[in-house]
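Just so you know, these numbers use all the heavy atoms, side chains as well, and skip hydrogens, waters and symmetry mates.
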Amino acid sequence: MNPKLTPILLDPFPYVGERKLFLYGVIAYLISSILMVLTEKHFIGLISIKDGANSSYILSFYNNGLAIVLLTSFYYAYAHYRNKHVRLIDTLNVVLISRILLYVLAVGFLNIPYLDSILLDVQFAILDNDFMLKTVPSWKLLILSLVG
(Lines give C-alpha, C1' and ligand atoms only; values in the text may rest on other atoms or scores of the structure.)
Protein backbone atom coordinates (compact mmCIF):
# COMPACT_ATOMS: atom_id res chain seq x y z
CA MET A 1 0.00 0.00 0.00
CA ASN A 2 1.12 3.53 -0.69
CA PRO A 3 2.69 4.94 2.51
CA LYS A 4 1.26 8.40 1.77
CA LEU A 5 -2.26 7.00 1.39
CA THR A 6 -2.27 4.92 4.58
CA PRO A 7 -2.76 7.80 7.08
CA ILE A 8 -5.60 9.21 4.96
CA LEU A 9 -7.42 5.87 4.96
CA LEU A 10 -6.89 5.35 8.68
CA ASP A 11 -7.94 8.85 9.75
CA PRO A 12 -9.20 11.08 6.91
CA PHE A 13 -10.35 13.95 9.12
CA PRO A 14 -7.05 15.90 9.44
CA TYR A 15 -6.28 15.49 5.72
CA VAL A 16 -9.63 16.08 4.03
CA GLY A 17 -11.78 19.16 4.51
CA GLU A 18 -15.15 18.97 6.21
CA ARG A 19 -17.04 19.93 3.05
CA LYS A 20 -15.41 17.14 1.05
CA LEU A 21 -16.07 14.62 3.81
CA PHE A 22 -19.69 15.71 3.94
CA LEU A 23 -19.97 15.41 0.16
CA TYR A 24 -18.37 11.94 0.14
CA GLY A 25 -20.68 10.81 2.93
CA VAL A 26 -23.81 12.10 1.21
CA ILE A 27 -22.79 10.52 -2.10
CA ALA A 28 -22.19 7.20 -0.35
CA TYR A 29 -25.59 7.52 1.35
CA LEU A 30 -27.36 8.17 -1.96
CA ILE A 31 -25.58 5.37 -3.84
CA SER A 32 -26.16 2.85 -1.05
CA SER A 33 -29.85 3.73 -0.74
CA ILE A 34 -30.37 3.28 -4.47
CA LEU A 35 -28.28 0.10 -4.54
CA MET A 36 -30.33 -1.45 -1.75
CA VAL A 37 -33.53 -1.01 -3.77
CA LEU A 38 -31.99 -2.36 -6.98
CA THR A 39 -30.69 -5.47 -5.22
CA GLU A 40 -33.91 -6.04 -3.23
CA LYS A 41 -32.21 -5.56 0.12
CA HIS A 42 -32.87 -2.96 2.76
CA PHE A 43 -31.48 -1.51 5.95
CA ILE A 44 -33.34 -2.38 9.12
CA GLY A 45 -32.17 -0.54 12.18
CA LEU A 46 -28.65 0.79 12.50
CA ILE A 47 -26.50 -2.07 11.22
CA SER A 48 -28.82 -4.76 9.89
CA ILE A 49 -29.20 -5.58 6.20
CA LYS A 50 -32.14 -7.79 5.23
CA ASP A 51 -32.61 -9.72 2.02
CA GLY A 52 -35.65 -10.22 -0.19
CA ALA A 53 -37.54 -7.08 0.64
CA ASN A 54 -40.05 -5.37 -1.60
CA SER A 55 -38.46 -2.06 -0.86
CA SER A 56 -39.16 1.29 -2.43
CA TYR A 57 -36.80 4.20 -2.89
CA ILE A 58 -38.63 6.23 -0.27
CA LEU A 59 -38.37 3.44 2.31
CA SER A 60 -34.69 2.88 1.52
CA PHE A 61 -33.80 6.56 1.86
CA TYR A 62 -35.93 6.79 4.99
CA ASN A 63 -34.37 3.79 6.76
CA ASN A 64 -30.83 4.79 5.87
CA GLY A 65 -31.43 8.46 6.68
CA LEU A 66 -33.13 7.66 9.97
CA ALA A 67 -30.08 5.68 11.08
CA ILE A 68 -27.84 8.63 10.20
CA VAL A 69 -30.05 11.11 12.05
CA LEU A 70 -30.32 8.92 15.15
CA LEU A 71 -26.60 8.22 15.30
CA THR A 72 -25.71 11.86 14.70
CA SER A 73 -28.08 13.14 17.38
CA PHE A 74 -26.95 10.57 19.95
CA TYR A 75 -23.23 11.16 19.31
CA TYR A 76 -23.65 14.93 19.20
CA ALA A 77 -25.52 14.95 22.51
CA TYR A 78 -22.85 12.80 24.13
CA ALA A 79 -19.97 14.80 22.62
CA HIS A 80 -21.61 18.11 23.56
CA TYR A 81 -22.02 16.86 27.12
CA ARG A 82 -18.31 16.01 27.24
CA ASN A 83 -17.03 19.05 25.35
CA LYS A 84 -19.12 22.15 24.63
CA HIS A 85 -17.03 23.06 21.56
CA VAL A 86 -18.11 20.09 19.40
CA ARG A 87 -19.80 21.11 16.17
CA LEU A 88 -22.75 19.29 14.64
CA ILE A 89 -21.11 19.12 11.20
CA ASP A 90 -18.12 17.27 12.66
CA THR A 91 -20.37 14.71 14.30
CA LEU A 92 -22.42 14.31 11.11
CA ASN A 93 -19.26 13.80 9.06
CA VAL A 94 -18.05 11.10 11.45
CA VAL A 95 -21.35 9.25 11.15
CA LEU A 96 -21.51 9.60 7.36
CA ILE A 97 -17.94 8.45 6.83
CA SER A 98 -18.15 5.60 9.34
CA ARG A 99 -21.24 4.18 7.61
CA ILE A 100 -19.29 3.78 4.38
CA LEU A 101 -17.89 0.57 5.86
CA LEU A 102 -21.44 -0.73 6.29
CA TYR A 103 -22.17 0.14 2.66
CA VAL A 104 -19.08 -1.76 1.55
CA LEU A 105 -20.21 -4.75 3.59
CA ALA A 106 -23.64 -4.48 2.00
CA VAL A 107 -22.01 -4.81 -1.42
CA GLY A 108 -20.47 -8.05 -0.16
CA PHE A 109 -23.98 -9.42 0.30
CA LEU A 110 -24.87 -8.80 -3.32
CA ASN A 111 -25.22 -11.70 -5.68
CA ILE A 112 -21.91 -11.56 -7.48
CA PRO A 113 -21.82 -13.42 -10.78
CA TYR A 114 -19.85 -16.67 -10.76
CA LEU A 115 -19.50 -16.63 -6.95
CA ASP A 116 -21.19 -20.03 -6.61
CA SER A 117 -18.90 -21.54 -9.25
CA ILE A 118 -15.85 -20.02 -7.55
CA LEU A 119 -16.83 -21.53 -4.22
CA LEU A 120 -17.47 -24.87 -5.92
CA ASP A 121 -13.99 -24.77 -7.48
CA VAL A 122 -12.47 -24.07 -4.06
CA GLN A 123 -14.43 -26.95 -2.53
CA PHE A 124 -13.28 -29.37 -5.22
CA ALA A 125 -9.67 -28.23 -4.80
CA ILE A 126 -9.83 -28.86 -1.06
CA LEU A 127 -11.45 -32.26 -1.58
CA ASP A 128 -8.57 -33.12 -3.94
CA ASN A 129 -6.08 -32.23 -1.16
CA ASP A 130 -5.05 -29.02 -2.92
CA PHE A 131 -5.01 -26.85 0.20
CA MET A 132 -2.81 -24.23 -1.48
CA LEU A 133 -5.55 -23.82 -4.15
CA LYS A 134 -3.07 -24.08 -7.03
CA THR A 135 -5.73 -25.52 -9.33
CA VAL A 136 -8.06 -22.54 -8.81
CA PRO A 137 -7.34 -19.68 -11.24
CA SER A 138 -5.89 -16.57 -9.63
CA TRP A 139 -8.67 -14.29 -10.90
CA LYS A 140 -11.22 -16.44 -9.06
CA LEU A 141 -9.18 -16.21 -5.87
CA LEU A 142 -9.01 -12.44 -6.31
CA ILE A 143 -12.79 -12.17 -6.59
CA LEU A 144 -13.18 -14.42 -3.55
CA SER A 145 -10.71 -12.29 -1.59
CA LEU A 146 -12.48 -9.07 -2.49
CA VAL A 147 -15.86 -10.47 -1.48
CA GLY A 148 -14.42 -11.93 1.72
Under 3.5 Å side-chain donor-acceptor pair for Ser32 and Asn64: yes
Can you measure from CE (Met36) to CG (Asn63) and round to the nearest 0.5 angstrom? 11.5 Å
Could you give me the CA-CA distance, side-chain angles and deciding distance for Leu71 and Val94, then say whether side-chain contact (heavy atoms from CB on, under 4.5 Å) is met? CA-CA 10 Å; Leu71 287 170; Val94 168; over 6 Å; no
Could you grab the distance from atom CG of Leu35 to atom OG of Ser60, nearest 0.5 Å is fine? 9.0 Å
Are any side-chain N or O atoms of Asn83 and backbone N or O atoms of His85, one a donor and one an acceptor, separated by less than 3.5 Å? yes
Using the ring of each side chain (for Trp, its six-membered ring), is Tyr81 parallel, tilted or perpendicular to Tyr78, with breaks at 30° and 60°? tilted
Looking only at heavy atoms, the pair that brings Ile118 and Leu144 closest together is CG2-CB, 4.2 Å
Hey, what do you get for OH (Tyr29) to CD1 (Ile68), rounding to the nearest 0.5 Å? 6.0 Å
The residue among Val86, Leu88, Val95 that forms side chain to side chain contact (heavy atoms under 4.5 Å, CB included) with Tyr75 is Val95
Using side-chain heavy atoms (C-beta onward) and a distance below 4.5 Å, is Ile31 in contact with Ile34? no
With a cut-off of 3.5 Å and sequence neighbours excluded, list every side-chain donor-acceptor pair involving residues 15-26.
unit_1, atom_1, unit_2, atom_2, d
Glu18, OE1, Arg87, NH2, 2.3

Val136 to Ala125 - nearest heavy-atom pair and separation: CG2-CB, 3.9 Å
Output the distance between atom OG (Ser33) and atom CG (Leu59), rounded to the nearest 0.5 Å. 10.0 Å
The test is side-chain contact (heavy atoms from CB on, under 4.5 Å); show your working for Leu133 and Ile126 and say whether it passes. CA-CA 7 Å; Leu133 303 176; Ile126 291 173; 4.2 Å; yes
Would the number of heavy atoms belonging to other residues, nucleotides or ligands and lying under 6.0 Å from OH of Tyr62 be above 12? no
From CG (Leu30) to CZ (Phe61), nearest 0.5 Å: 5.5 Å
